[in-house]
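Residue numbers start from 1 in every chain, and the chains themselves are labelled A, B, ... in the order their sequence lines are given, proteins ahead of strands.
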Amino acid sequence: MDAEITLRVDGEAHRLTVDTRTSLLDALRERLGNTSPKKGCDHGQCGACTVLLDGDRALTCLALAVAHDGAEITTADGLAPAGELHPVQQAFLDSDAFQCGYCTPGQVCSAVGVLEEFERGWPSHVTEDLTGRPEMSHDEVAERMSGNLCRCAAYVNITPAVQQAGGAR
Amino acid sequence: MKPFAYARPGDVVEAVRDVVAEPNAVFLAGGTNLVDHLRLGVARPDLVVDVRTLTSREVTGLPDGGLRLGAATTNSQVAADPRVRERYPVLAQALLAGATGQLRNMATTGGNPLQRTRCVYFSDVTTPCNKREPGSGCSAVGGYTRYHAVLGTPAALPDPHAPETCIATHPSDMAVALAALDAQVQVLGPDGERTIPFTELHRLPGDDPSRDTVLQHGELITAIDLPVLPAGTRSAYRKVRDRASYAFALVSVAAVVTPDGELRLALGGVAHKPWRATRAEEVLRGQQLTEDAVRAAITAELAAAQPQPGIDSGNGFKIPLVARTVLATVRGLLPEEQS
């Protein structure tokens, strides 16, 4: 069954007709040709499809496109609109925080979300004092990035990259 | 994926009416569990009714000093709420111990307790499962049981062919904290509103393992209320899992200790529902809350535990693990001189 929706992706509005079964990930990749979010597991386990959905990091494989009519979506592609890299993207380059690169757009979007969550003072599982403001420590960043798998295991450089991007703010 | 119609009604009353009118309809909120089940063929609805934008997205104070969590509040929003962090740390910790940042941004207060078991046989549509296909049998008995129940099960190695057999566990961390906090569930149904104590929301398999909760078809969770706790109450959530992050609980413990030494205790990863340890609480009633007393109480609670054998060496390890995890959790909440 079809439904007509509008998605605002990386600053540009798109009107499209989707089958109600279409995930946001498939709508982005197959219908709008935005291959920045990747299909890894398609089950919400790997994080490769992460985008910023209405400002917060979210998994597009577990979102039905029809349920997000009118949503504002930023993909890793949209973080560098005029080709000028986002500080998180620059930090990933500086820290050599990837190998094959397949998980990288999801990692980058997740990291942008993580820095915003630090900014808001959100705690994590490893935050000792729930009522305090969490530090951007290695353990804090690693815990918050645990939803983004990297089969090349570039974690040893991803975590410092996120910290660097956070400090550079 | 089987085709389905999608509806986003104007309000919750209409949403309830839509689901009641279609026997094979489901509510959709954050979608983190349902969308996966649609893809796997575990859920095969004809109609999906989207309520994500219909219920409240606010955490509000109640007149008695408690908090009301609107059903559409996200797990990350509730975990970050200063009032939850200050007054209900057990809930903030439980939420933060579950899933990942991305999933917590999507998952909702109303949806989290209604997520289905992560029993691998339930998710695998090629295997018999009484929860997914009533009457088909239980593939978990004698199978892979590391994540399965030890409490609320009739026997070690129940009959895998019996239609009532199910040894699945409830996967939610949040629900374990809500059980310990004596939260109240606000529900809207075709006959109006009702309130269900959180500890009575989920059910044991009984004669129908396909039903996880007491909710009737068309009943919608609109909010979850946290009752006010006496000043000086301490609480904590502790989760033991196979990885340090992003894994379901092998066992988990939610503990609430009031200033007069009353312990409220709930266990996760051990039963078909979030397990309120009422037997342990009874044993402790009127006693001073010491480590020895807690050890005796949890031993009494676990007396009925049934370890399940399995091809992965079974889940008998959970019984001593629960006892140790309860002690470690409660130890951190005792007044200094008793610990």
*Does any heavy atom of chain A fall under 4.5 Å from the side chain of B:L28, the backbone, both, or neither of them?*
side chain
_With a 4.5 angstrom heavy-atom cut-off, is it the side chain or the backbone of A:D42 that approaches chain B, or both, or neither?_
both
*Given a strict heavy-atom distance threshold of 4.5 Å, which part of B:L34 is in contact with chain A: side chain, backbone, both, or neither?*
neither
*Side chain from CB out, backbone as N, CA, C, O: work out which of these in A:D69 comes under 4.5 Å of a heavy atom of chain B, or both, or neither.*
both
*Against chain B, label A:A3 side chain, backbone, both or neither, depending on which of its atoms sit under 4.5 Å from a heavy atom there.*
neither
*Residue among A:Q45, A:E117, A:R120, A:M145 with most heavy-atom pairs under 4.5 Å to chain B*: A:Q45
*Toward chain A, the part of B:A79 with a non-hydrogen atom under 4.5 Å*: backbone
*Return yes if some donor-acceptor pair links the side-chain N/O of B:R85 with the main-chain N/O of A:D129 below 3.5 Å, else return no.*
no
*Picking from B:R243, B:R52, B:K2, B:R104, which has the most non-hydrogen pairs under 4.5 angstrom with chain A?*
B:R52
_Less than 4.5 Å to any heavy atom of chain A: does that hold for the side chain of B:P82, its backbone, both, or neither?_
neither
*Relative to chain A, which segment of B:M106 carries a heavy atom at a distance below 4.5 Å: side chain, backbone, both, or neither?*
side chain
_Tell me the closest heavy-atom pair linking B:Y6 and A:A67, and the distance in Å._
OH-CA, 3.3 Å
*Relative to chain B, which of A:V66, A:V126, A:D56, A:T127 shows the most heavy atom pairs under 4.5 Å?*
A:V66
*For chain B, which of A:P123, A:G44, A:S146, A:G147 has the most heavy-atom pairs under 4.5 Å?*
A:P123
*Who among B:R8, B:R39, B:M1 has the most heavy-atom pairs with chain A under 4.5 Å?*
B:R39
_Which of B:T100, B:D50, B:V35, B:T32 touches chain A most, by non-hydrogen pairs under 4.5 Å_ = B:V35
*Among the listed options A:H43, A:R144, A:H125, A:R21, the residue most often paired with chain B at heavy-atom distances under 4.5 Å*: A:R21
*Do you see a donor-acceptor pair shorter than 3.5 Å between the side chains of B:Q102 and A:N148?*
yes
*CG of A:L53 to CG of B:N105: how many Å apart, nearest 0.5 Å?*
9.0 Å
*Can a donor-acceptor pair be found between the side chains of B:E86 and A:T131 at a distance below 3.5 Å?*
no
_Atom CD of A:E135 with >12 non-hydrogen neighbours under 6.0 angstrom_ = no
*Tell me, for B:D36 versus chain A, whether the close heavy atoms (under 4.5 Å) come from the side chain, the backbone, both or neither.*
both
*For the residue pair B:L96 and A:E143, what are the closest heavy atoms and their distance?*
O-OE2, 4.1 Å
*Under a 4.5 Å heavy-atom cut-off, does chain B meet the side chain of A:S124, its backbone, both or neither?*
backbone
